Amino acid sequence: MLEIVLLAMVAAFLGLRLYSVLGRRAEHEEEVVPQRFDSDDKPAGIARPAPVAPVAPARPVELEGVMPAVERGIREIASADSKFSLAQFLEGARGAYRMVLEAFWAGDRETLRELCDDDVYGGFIAALDAREAAGETLDNTLIRIEETRIHSASLDGRMARIAVLFVADIAAVTRDKDGNVIAGSLDDAIESRDVWTFSRNTSARDPNWLLDETDEG
């Protein structure tokens, strides 16, 4: 009987020890382990960067003050010809204006042929022939180009046409066959306003524009 009582007491003692260890461990396992991102000051949400509004393409300075139809024509030409630059075109137009005038005054048919289409070239040649038949010569000087402005622009299929207004000061003198001044003066420059239209096939390899119409501004 004494041995049975002792064994019972040992069994009870071991049971209490197991309960004390396992019970506490179970209680600890039920606790939620805090994560490193958990805190009492959770933000309401992740802030997202504000959407960036698309930036509109800069408007070329050369288009300031032009009509919407003119600007639309320029943009259509630029879309048809990725190499088109309005600034470069205007620079070339100014150069062509000077070259054509000086070639006409000097009777330089070769230069006129390179810069003009057939109709304009034919008009210049007729004027040159009449002047030479009368024995007259021009002693003109382009003093300065005061203004160069886009007058109109259009794209018809692949053919681009841009009209440019030139405001220039020109000293004009006409001499007879003996060299006598019969019109004009080199001392007084007059203002000339011309609207010249240049054209180019946007699919052509040749980047040059031809003068295809002249008019007074």
Side-chain angles (χ1 to χ4, degrees), residues 60-66 70 73-74 77 81 84-154 159-202 204 206-217:
V61 176
E62 295 81 7
L63 290 178
E64 293 297 333
V66 304
V70 177
I74 291 295
I77 293 171
D81 182 2
F84 174 77
S85 165
L86 182 56
Q88 292 179 1
F89 168 81
L90 284 176
E91 182 180 353
R94 287 170 63 92
Y97 181 72
R98 178 181 293 275
M99 292 175 65
V100 169
L101 286 181
E102 292 178 348
F104 175 68
W105 296 336
D108 183 354
R109 289 171 167 80
E110 183 178 351
T111 298
L112 292 174
R113 176 70 280 181
E114 293 176 355
L115 299 175
C116 306
D117 74 353
D118 293 340
D119 291 341
V120 174
Y121 177 72
F124 280 135
I125 295 304
L128 286 176
D129 291 342
R131 192 175 73 201
E132 291 173 357
E136 297 175 351
T137 58
L138 298 181
D139 187 10
N140 295 0
T141 303
L142 177 60
I143 306 299
R144 69 181 64 85
I145 300 176
E146 296 282 359
E147 182 181 359
T148 306
R149 186 172 73 247
I150 299 296
H151 185 267
S152 65
S154 64
M159 184 60 66
R161 300 180 81 246
I162 303 178
V164 182
L165 169 65
F166 297 97
V167 180
D169 292 333
I170 298 175
V173 171
T174 303
R175 301 181 185 273
D176 63 15
K177 61 181 179 179
D178 298 322
N180 299 316
V181 176
I182 59 176
S185 171
L186 288 176
D187 297 327
D188 298 322
I190 60 175
E191 182 183 87
S192 175
R193 299 176 65 89
D194 299 303
V195 176
W196 285 13
T197 303
F198 300 88
S199 64
R200 177 180 176 271
N201 188 327
T202 57
D206 186 355
N208 295 320
W209 293 69
L210 291 178
L211 175 62
D212 76 357
E213 186 177 340
T214 61
D215 200 359
E216 293 183 356

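Since we're looking at a predicted model, the values are computed, not measured.
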As an exercise, state the distance from [atom1] of [X] to [atom2] of [Y], rounded to the nearest 0.5 Å.
X: Asp119; Y: Leu210; atom1: CG; atom2: CG; answer: 11.5 Å
X: Asp169; Y: Arg144; atom1: CG; atom2: CZ; answer: 5.0 Å
X: Leu115; Y: Trp209; atom1: CG; atom2: CH2; answer: 15.0 Å
X: Ser192; Y: Ile143; atom1: OG; atom2: CD1; answer: 12.5 Å
X: Phe198; Y: Tyr97; atom1: CZ; atom2: OH; answer: 10.0 Å
X: Leu128; Y: Arg131; atom1: CG; atom2: CZ; answer: 5.0 Å

Quick one: is the NZ or CZ of Arg94 closer than 6.0 Å to the six-membered ring centre of Phe89, and within 45° of its axis?
->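 Output no; distance or angle outside limits.
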Where [X] and [Y] come nearest, the two heavy atoms and their spacing:
X: Asn140; Y: Ala172; value: OD1-CA, 3.2 Å
X: Val70; Y: Ala153; value: O-CB, 3.9 Å
X: Ser154; Y: Ile77; value: O-CD1, 3.6 Å

Below 4.5 Å, heavy atoms only, C-beta onward: do [X] and [Y] meet side chain to side chain?
X: Ile170; Y: Thr141; result: no
X: Ile150; Y: Ile162; result: yes
X: Glu213; Y: Arg161; result: yes
X: Val100; Y: Trp196; result: yes
X: Ile74; Y: Leu86; result: yes
X: Val164; Y: Arg149; result: no
X: Arg175; Y: Val173; result: yes

Heavy-atom count around Glu191 CD within 6.0 Å, excluding the residue itself: above 12?
->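 Enclosed: over 12 neighbouring heavy atoms sit under 6.0 Å from CD of Glu191.
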Give a yes or no on whether Met159 atom CE has more than 12 heavy-atom contacts from other residues, nucleotides or ligands under 6.0 Å away.
->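 More than 12 within 6.0 Å, yes.
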Carboxylate-amine/guanidinium proximity below 4.0 Å for [X] and [Y]:
X: Glu147; Y: Arg193; answer: no
X: Asp81; Y: Arg200; answer: yes
X: Asp118; Y: Arg113; answer: yes
X: Arg98; Y: Glu91; answer: no

Quick one: do the Asp139 and Thr137 side chains pair a donor with an acceptor below 3.5 Å?
->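 Their side chains do not contain a donor-acceptor pair, so the 3.5 Å distance test is not met.
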With under 30° as parallel and over 60° as perpendicular, where do the rings of Phe124 and Phe104 fit, or are they tilted in between?
->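 Correct class here is tilted.
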Under 3.5 Å, which donor-acceptor pairs link side chains of residues 179-186 to any protein atom two or more places apart or in another chain?
unit_1 : atom_1 : unit_2 : atom_2 : d
Asn180 : ND2    : Asp176 : OD2    : 3.4
Ser185 : OG     : Asp187 : N      : 3.1

Who are the ring pair (Phe, Tyr, Trp, His ring centres under 6.0 Å) partners of Tyr121, not counting sequence neighbours?
->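 Not a single residue meets the ring pair (Phe, Tyr, Trp, His ring centres under 6.0 Å) criterion with Tyr121.
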Please list, chain by chain and in numerical order, all residues satisfying ring pair (Phe, Tyr, Trp, His ring centres under 6.0 Å) with Trp105, sequence neighbours excluded.
->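 Counting only residues at least two positions away or on another chain, Trp105 forms no ring pair (Phe, Tyr, Trp, His ring centres under 6.0 Å).
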Check Leu112, Val120, Asp117, Thr197 against Leu211 for a side-chain contact (heavy atoms from CB on, under 4.5 Å) and give me the one that passes.
->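 With Leu211 as partner, side-chain contact (heavy atoms from CB on, under 4.5 Å) holds for just one option, Val120.
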